[in-house]
Amino acid sequence: KICETIRKCSARGIFTHCFFMIGFEGETREEMETTIDLACSLPLNSISLSIVNYYDDSVSPDSGEDHRTAFTLDAITGYEPQVLEEILNA
């Protein structure tokens, strides 16, 4: 439904901007690519694409309250950071 709304807004000349987040804990490369493909398929004027990053003293949604740690992109996704860069630059 949101994609339909974006298309209608764009067709009427309404500026459209969307925020996308990738790199969630457990998210696969294919899921990240699906999100990026969706972003590229929509008639948006602009997008924000953010990489999820857990900082010191933050709590991972899957780890529970007792486990506080810092996560890097490669720890979250299992991919080296340059892999994400390749996806974004493809």
Side-chain angles (χ1 to χ4, degrees):
K1 186 155 181 153
I2 191 69
C3 294
E4 178 184 339
T5 301
I6 290 168
R7 288 186 184 93
K8 287 180 179 179
C9 287
S10 179
R12 289 167 178 76
I14 299 171
F15 185 90
T16 54
H17 177 90
C18 286
F19 296 86
F20 296 89
M21 296 176 70
I22 59 174
F24 286 95
E25 188 172 0
E27 185 176 22
T28 66
R29 179 181 177 146
E30 291 162 344
E31 290 168 328
M32 288 188 278
E33 289 174 347
T34 298
T35 298
I36 294 167
D37 288 345
L38 173 63
C40 293
S41 73
L42 294 171
L44 299 168
N45 295 100
S46 62
I47 68 167
S48 294
L49 180 64
S50 301
I51 300 169
V52 174
N53 193 5
Y54 299 98
Y55 295 97
D56 285 333
D57 297 326
S58 66
V59 178
S60 163
D62 295 330
S63 66
E65 288 298 320
D66 295 336
H67 182 69
R68 295 176 180 267
T69 188
F71 292 94
T72 61
L73 181 62
D74 55 325
I76 294 169
T77 63
Y79 297 105
E80 295 296 323
Q82 65 267 19
V83 171
L84 180 58
E85 188 173 318
E86 290 172 12
I87 294 171
L88 296 175
N89 292 324

Please round to the nearest 0.5 Å and tell me the distance separating atom CD1 of I47 and atom CZ of F19.
11.0 Å

Quick one: pull up OG1 in T35 and CE in M21 and give me the separation to the nearest 0.5 Å.
11.0 Å

Going by side-chain hydrogen bond (donor to acceptor under 3.5 Å, both in side chains), name the residues that satisfy it together with S41, two or more places apart in sequence or in a different chain.
none

With a 3.5 Å distance limit and no angle check, can you tell me whether N45 reaches the backbone of T16 through a side-chain donor-acceptor pair?
yes

Distance in Å, R7 CZ paired with E4 CD, rounded so as to fall on 0.5 Å steps
8.5 Å

Rounded distance (nearest 0.5 Å) linking atom CZ of R29 with atom CD of E31
13.0 Å

Backbone N/O of I6 and side chain of S10: donor-acceptor pair under 3.5 Å
no

Of all heavy-atom pairs linking A39 and L44, the shortest is O-CD1, 3.8 Å

For the atom pair CD1 (I36) and CG (L49), what is the distance rounded to the nearest 0.5 Å?
5.5 Å

Relative to each other, are the rings of F15 and H17 parallel, tilted or perpendicular (30° and 60° limits)?
parallel

